[in-house]
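Inspection log for the structure reproduced underneath, given as structure tokens.
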Amino acid sequence: MNQTIQTTCPYCGVGCGISAQVDAANRCVTINGDDSHPANFGRLCSKGSALGDTIELKGRLLQPSVYGRETNWTEALDLVADRFLDTIQKYGPDAVAIYGSGQLLTEDYYVANKLMKGFIGSGNMDTNSRLCMSSSVAGHKRAFGADTVPGCYEDYEHAELIILIGSNTAWCHPVSFQRIRAAKEANPSLKIVVIDPRRTASCDIADLHLPLASGSDAWLFNGLLNYVGHASRTNPTYIEQHTEGFAEALAAAENAGISQVAEQCRVNIEDLQRFYEWFATTDKVMSLYSQGINQSSSGTDKVNAIINCHLATGKIGKPGSGPFSLTGQPNAMGGREVGGLSHQLAAHMDFANVDDIDRVARFWGSRQIATKPGLPAVDLFDAIYDGKVKAVWIMGTNPVVSLPNADKVKQALQRCEFVVVSDCIANTDTTALAHVLLPAQGWSEKDGTVTNSERRISRQRALFKPAGNAKPDWWILTQVAQRMRFEQAFPYQSPVEIFREHAALSGFENNGSRDFDISAFADITQENYDRLQPTQWPVNQQYPQGRARLFDDGRFYTPSGKAQFIAITPSAPGMLPNADYPLILNTGRLRDQWHTMTRTAIAAKLNQHKPEPFVEIHPDDAARYGLIQNGLASIESRWGEMLARVQITGSQLPGNVFVPMHWTAQHASHGRMGALVNPFVDPVSKQPESKHTPVRIKAYQPVWQGFILSRHEFTAITSAYWVKIKGEQFYRYELAGDLIPNDWLEWANLNTGVTAPQWQEYQDTAKGNYRAALLVDNRLESVIFISRQNQFPERSWLTSLFVKTELDKTERMALLTGLPPQGVNDTGAIVCACFNIGEQTIKTAIKDQGLTSHQEVGCCLKAGTNCGSCVPEIKLLLLEHG
Ligand SMILES: Nc1nc2c(c(=O)[nH]1)N[C@H]1C(S)=C(S)[C@@H](COP(=O)(O)OP(=O)(O)OC[C@H]3O[C@@H](n4cnc5c(=O)[nH]c(N)nc54)[C@H](O)[C@@H]3O)O[C@H]1N2
Ligand SMILES: Nc1nc2c(c(=O)[nH]1)N[C@H]1C(S)=C(S)[C@@H](COP(=O)(O)OP(=O)(O)OC[C@H]3O[C@@H](n4cnc5c(=O)[nH]c(N)nc54)[C@H](O)[C@@H]3O)O[C@H]1N2
Ligand code: SF4
Ligand SMILES: [Mo]
């Protein structure tokens with residue numbers, strides 16, 4: 001019997017509702033968007049749609065282990081508690097730390113934070129949100145006196161101008177992007193401006209794209225403040241009644257005249273003028289911003305430079321207007337609610353206020369509460385490296401990949417006396433360095449709440465029984481807390497008890513002084529918790545049903561009740577390009593992968609869009625550095641190096657290169673870009689500058705290149721360069737090497753693990769080509785293509801053969817050419833992941849059937865008609881081939 005369960009997507013901060021039809025007996029699930037969820041009204045993107053393909057048990061961490069040996073929970077938990085107690089006793093509480101994640105549920109997060117700050121008595125609980133949202137948090141706090149996102153998604157439909165700043169919404173918040181696209185279709189006068197050094201897929205709906213110089217946003221928004229100030233386009237009444245510090249902020253922007261800004265940002269002055277004019281003359285303006293703003297050594301200033309413009313014009317706290325920080329992770333917002341960052345305490349209270357410390361201590365009944373901030377992420381791993389922090393517990397994050405200067409992070413964990421990792425996946429770059437591994441329940445097994453970008457709390461509900469011996473993160477933490485003799489404060493038996501306590505703390509001695517207040521849930525019953533509908537906080541006596549917008553009353557959480565302008569002096573990035581490292585490395589996300597690929601790369605269909613690590617570079621730079629399209633390049637910074645496939649494109653600015661953040665040592669030999677990223681951080685928020693690292697690039701010319709497609713996963717790969725890509729019933733290995741093996745057949749056997757081989761071979765020694773195929777009963781097992789000239793057929797026809805139980809004669813004959821037999825079309829690289837439609841298929845349909853719009857392509861091929869994330873790419877194909 002199938003059961004339908006409503007839950008929430010575990011990926012991005014849009015926080016889409018999912019309606020899951022669960023076949024518990026067979027552990028499978030059909031995923032649909034939840035029509036009634038206000039974040040998505042039934043829509044899902046490619047990642048959410050593919051969730052059903054990611055729940056397999058293969059690769060899961062299912063059993064606790066200590067020092068590489070599987071064990072039971074009792075031994076593992078005892079060991080963690082003992083070693084933590086021991087370390088604290090010898091070296092004090094600041095010698096231990098927890099490093100958490102915006103992918104933990106609120107209940108998990110609350111317990112972790114309470115344990116470290118409330119009872120171990122150290123501030124050393126930080127989170128990957130330090131790399132993500134901390135500049136927004138700091139900017140909000142400076143301007144509003146609290147970490148408040150004023151608006152909501154409904155504002156997209158009210159806005160007349162939407163500005164996407166350092167946000168590739170089309171790929172990173174796809175359901176919100178579709179909603180904005182729909183708002184524009186319904187209201188053609190809605191204008192969209194994209195501010196990003198790259199021309200991204202989000203530019204598809206843009207009326208104006210400002211490809212500003214990397215890091216120059218503070219100039220751009222100081223320029224806007226200056227412009228509205230001089231064009232008498234400010235709102236003097238609003239400034240007077242609801243703000244402080246305008247004169248100082250305007251004075252600081254005095255040097256940001258339009259020509260000066262055009263020069264600093266290297267943007268066309270007419271475009272700049274147009275943007276400023278639109279902002280000044282449009283009533284309802286939303287500024288959506290994300291990592292292009294936050295991940296900067298002056299990210300907090302950039303956030304405030306944006307907020308300043310909204311305050312000066314009163315465009316805040318009303319429908320369709322306001323600054324809107326898009327959260328990244330599914331529970332980035334929930335983590336901020338519980339105080340997951342090391343300078344925060346709990347429930348939007350922090351260490352800066354002694355009354356807060358006293359209040360939380362009384363609420364928790366703790367005498368040993370921490371009284372000062374702990375170490376933020378980059379400093380924390382430096383302290384581990386230096387041996388100051390001796391025991392660390394990492395949960396729900398993969399810092400060996402995602403922190404800057406990631407080779408040093410790896411060394412830090414190698415040196416650390418005691419490393420505990422809780423994860424749901426067995427082999428990650430971080431689990432590889434753990435002394436104790438604790439199996440956490442994954443998305444489809446967990447129960448609790450998450451909060452999305454618009455402050456909306458939704459339930460995640462378990463679909464299946466726990467896998468193996470996996471446990472909820474809150475349970476693991478509770479068990480350790482009890483073993484550390486804090487059992488009185490950690491009596492939890494279920495998530496609802498934790499949620500109630502969290503809700504009660506938010507209302508404790510609050511009386512309207514703190515924005516985060518969900519005290520209406522302080523007595524919620526199990527039944528009502530189970531039925532909880534998505535609700536936007538605050539949820540209290542005054543707003544029992546939640547509240548869509550804050551600041552509509554012009555009241556802020558500062559001591560004076562007025563919003564604060566911050567005078568901004570634009571500052572340069574931590575390190576500028578120089579003769580040794582002349583290019584700027586920008587890093588970010590792809591449409592179909594989630595961070596370090598531990599879950600998305602399990603779904604074959606999500607690996608086809610961008611299968612290999614790549615570097616995007618402008619044609620002039622490619623020529624200057626001798627790079628060719630699809631060749632390999634080595635990229636080097638002062639901190640580390642990597643290899644990537646060259647993609648030459650006019651969407652990059654000269655002097656800039658872009659690399660996706662996703663590849664790890666599990667998926668590629670040299671794709672872990674975190675190794676290169678500079679460790680500079682923002683002085684206020686301590687957020688690292690992940691979007692700006694000086695690098696150099698050169699061609700990497702291996703002696704040979706090639707690929708293997710195999711039905712079976714390899715246990716070892718011997719070539720110098722490799723990338724592993726999971727497909728539908730096959731694994732694809734892209735390879736390159738510096739040594740030609742004496743005997744390719746022997747090499748093939750070694751790599752594919754085949755014994756007693758019946759390979760069909762083709763060899764052209766003069767050209768350095770080697771090809772081989774292995775069939776068993778006419779079923780394709782493996783094919784190998786090696787060449788010294790890097791000339792290969794598309795992989796798509798060959799990969800399509802793996803779903804067949806038997807190849808026919810023409811297919812077998814064509815196999816070693818790699819080209820489909822006459823009359824069969826190659827689909828080309830996959831563009832539409834939902835329906836598996838390739839580029840070649842779309843191009844052919846455009847040409848043969850004279851298609852002129854993405855709607856026509858959709859009618860003809862279905863491509864782009866489900867989640868819509870590939871529409872920008874289809875439109876580009878129409879432009880090029882229509
Ligand atoms: N598909 C997918 N979606 C995701 C995620 C994922 O892993 N995969 N992760 C989620 C998470 S945790 C996050 S935080 C969000 C991130 O969402 P986004 O912030 O939208 O994603 P990024 O690709 O990191 O960066 C956004 C853009 O910032 C631009 N940028 C770089 N430097 C500058 C600059 O100096 N100024 C400006 N204005 N722009 C600049 C980059 O070119 C890039 O296009 O995505 C969430 N959604
Ligand atoms: N250069 C560069 N670096 C970046 C960024 C960038 O744009 N450029 N972006 C930064 C940002 S915004 C972010 S958010 C980070 C993300 O970086 P990470 O947090 O390091 O990446 P994830 O792959 O999301 O790691 C989540 C881990 O938690 C595990 N997991 C999933 N669910 C659960 C669970 O319920 N419980 C437990 N215990 N484990 C679970 C997953 O298997 C995975 O190993 O990267 C940051 N680093
Ligand atoms: S937009 Fe996609 S990844 Fe984000 S919550 Fe919705 S379905 Fe999940
Ligand atoms: Mo993030």
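For this chain, numbers begin at 1 and follow the sequence in order. None of these values were measured; they are calculated from a predicted model. Because only heavy atoms are used, hydrogens play no part in the values below, and waters and symmetry mates are left out as well, while side chains stay in. Each ligand, and each atom within it, is numbered from 1 in the order the structure gives.
- Nearest non-hydrogen protein atom to atom 29 (C) of ligand 1 is Asp196 OD2, 3.2 Å.
- Within ligand 2, counting atoms from 1 as listed, the ones closer than 4.0 Å to a heavy atom of Ala440 are 36 (N), 37 (C), 38 (N).
- Every atom of ligand 2 is numbered from 1 in the order shown, and the set under 4.0 Å from a heavy atom of Thr598 is 41 (C), 42 (O), 43 (C), 44 (O).
- Contact atoms of ligand 2 toward Asp423: 27 (C), 28 (O), 29 (C), 30 (N), 38 (N), 39 (N), 41 (C), 42 (O), 43 (C), 44 (O) (distance under 4.0 Å to a heavy atom of the residue).
- Every atom of ligand 1 is numbered from 1 in the order shown, and the set under 4.0 Å from a heavy atom of Thr200 is 44 (O).
- When each atom of ligand 1 is checked for a heavy atom of Cys132 under 4.0 Å away, the hits are 14 (S).
- Those atoms of ligand 2 that come under 4.0 Å of a heavy atom in Asn128, given as number and element, are 19 (O).
- Proximity of Leu44 to ligand 3 is established by a heavy-atom distance of less than 4.0 Å.
- Considering only non-hydrogen atoms, atom 18 (P) of ligand 2 lies nearest to Thr397 out of Asp429, Thr397, Asn331.
- Here's the thing with Cys172: one of its N/O atoms is less than 3.5 angstrom from an N/O atom of ligand 1.
- For the ligand labelled ligand 2, residue Trp594 lies inside the 4.0 Å heavy-atom shell.
- From the protein, the heavy atom lying nearest to atom 16 (C) of ligand 2 is His595 ND1, 3.3 Å.
- Residue-ligand proximity, Gly15 to ligand 3, at heavy-atom distances under 4.0 Å covers atoms 5 (S).
- Within the coordination shell of atom 2 (Fe) of ligand 3, defined by N, O or S atoms under 2.8 Å, Cys16 is absent.
- The protein atom (non-hydrogen) at minimum distance from atom 5 (C) of ligand 2 is Gln295 NE2, 3.3 Å.
- Protein heavy atom nearest atom 13 (C) of ligand 1, with residue, atom name and distance: Gly328 CA, 3.2 Å.
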Item to check | Lys605/Asp592 under salt bridge (charged side-chain N to carboxylate O under 4.0 Å, His left out): CA gap, chis, key distance, verdict | outcome: CA-CA 9 Å; Lys605 60 161 81 102; Asp592 290 352; over 6 Å; no
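- Heavy atoms of Asn398 found under 4.0 angstrom from ligand 2 belong to the backbone as well as the side chain.
- Applying the 4.0 Å criterion to heavy atoms of Lys691 picks out, from ligand 2, the atoms 7 (O).
- For atom 8 (Fe) of ligand 3, the closest non-hydrogen atom on the protein side is Cys9 SG, 2.3 Å.
- Of the candidates Lys410, Gln666, His667, Gln666 is the only one forming a side-chain hydrogen bond (donor to acceptor under 3.5 Å, both in side chains) with Asp429.
- In summary, the atoms of ligand 1 found under 4.0 Å from a heavy atom of Trp171, numbered by their order in the structure, are 1 (N), 2 (C), 3 (N).
- Heavy-atom proximity to Gln103, at under 4.0 Å, picks out these atoms of ligand 2: 19 (O), 22 (P), 24 (O), 26 (C).
- Here the protein heavy atom with the shortest distance to atom 38 (N) of ligand 1 is Asp217 OD2, 2.8 Å.
- Residue-to-ligand polar distances place Arg589 within reach of ligand 2: an N/O pair is separated by less than 3.5 Å.
- Every atom of ligand 1 is numbered from 1 in the order shown, and the set under 4.0 Å from a heavy atom of Gly588 is 23 (O), 24 (O).
- Contact atoms of ligand 1 toward Ser214: 35 (O) (distance under 4.0 Å to a heavy atom of the residue).
- Distance from atom 23 (O) of ligand 2 to its nearest protein heavy atom, with residue and atom name: Thr596 OG1, 2.6 Å.
- Within the structure, ligand 1 has His662 among the residues with a heavy atom less than 4.0 angstrom away.
- The shortest N/O to N/O separation between Gly396 and ligand 2 falls below 3.5 Å.
- With ligand atoms numbered from 1 in the order given, ligand 2 contributes 34 (C), 35 (O), 36 (N), 37 (C), 38 (N) to contacts under 4.0 Å with heavy atoms of Asp473.
- No side-chain donor-acceptor contact under 3.5 Å links Gln460 and Thr8.
- Per-residue contacts place Leu590 under 4.0 angstrom from the following atoms of ligand 1 (heavy atoms of the residue considered): 1 (N), 2 (C), 8 (N).
- Protein heavy atom in closest approach to atom 33 (C) of ligand 2: Cys424 SG, 3.7 Å.
- For the side-chain hydrogen bond (donor to acceptor under 3.5 Å, both in side chains) with Gln103, the qualifying choice from Trp594, Trp443, Tyr11 is Trp594, the only one to do so.
- Scanning all protein heavy atoms for the shortest distance to atom 20 (O) of ligand 1 gives Asn168 N, 2.8 Å.
- Remark: minimum distance from atom 35 (O) of ligand 1 to any protein heavy atom is reached at Gly215 N, 2.6 Å.
- Here's the thing with Arg198: one of its N/O atoms is less than 3.5 angstrom from an N/O atom of ligand 1.
- Considering backbone and side-chain N/O atoms, Thr587 comes within less than 3.5 Å of an N/O atom of ligand 2.
- Put simply, NZ on Lys691 and CG on Asn678 are 12.5 Å apart, with the number rounded to the nearest 0.5 Å.
- When heavy-atom distances to ligand 1 are checked against a 4.0 Å cut-off, Arg591 comes that close only through its backbone atoms N, CA, C and O.
- Of all atoms in ligand 3, listed by their number and element, those nearer than 4.0 Å to a heavy atom of Val175 are 1 (S), 6 (Fe).
- Atom numbering of ligand 1 starts at 1 in the shown order; those under 4.0 Å from a heavy atom of Gln329 are 12 (S).
- For atom 8 (Fe) of ligand 3, the set of nearby N, O or S atoms under 2.8 Å includes none belonging to Cys45.
- Salt-bridge check for Asp108 with Lys446: passed, with a basic side-chain N closer than 4.0 Å to an acidic carboxylate O.
- Between the side chains of Ser101 and Thr397, not a single donor N or O lies within less than 3.5 Å of an accepting N or O.
- With distances taken over non-hydrogen atoms, the option nearest atom 40 (C) of ligand 1 out of Ser651, Pro330, Pro197, Ser690 is Pro197.
- Each of the atoms 3 (N), 4 (C), 17 (O), 18 (P), 20 (O), 45 (O), 46 (C), 47 (N) of ligand 2 lies under 4.0 Å from some heavy atom of Ser402.
- Shown in contact with Gln593 at under 4.0 Å from a heavy atom are these atoms of ligand 1, numbered in order with element: 1 (N), 2 (C), 6 (C), 7 (O), 8 (N).
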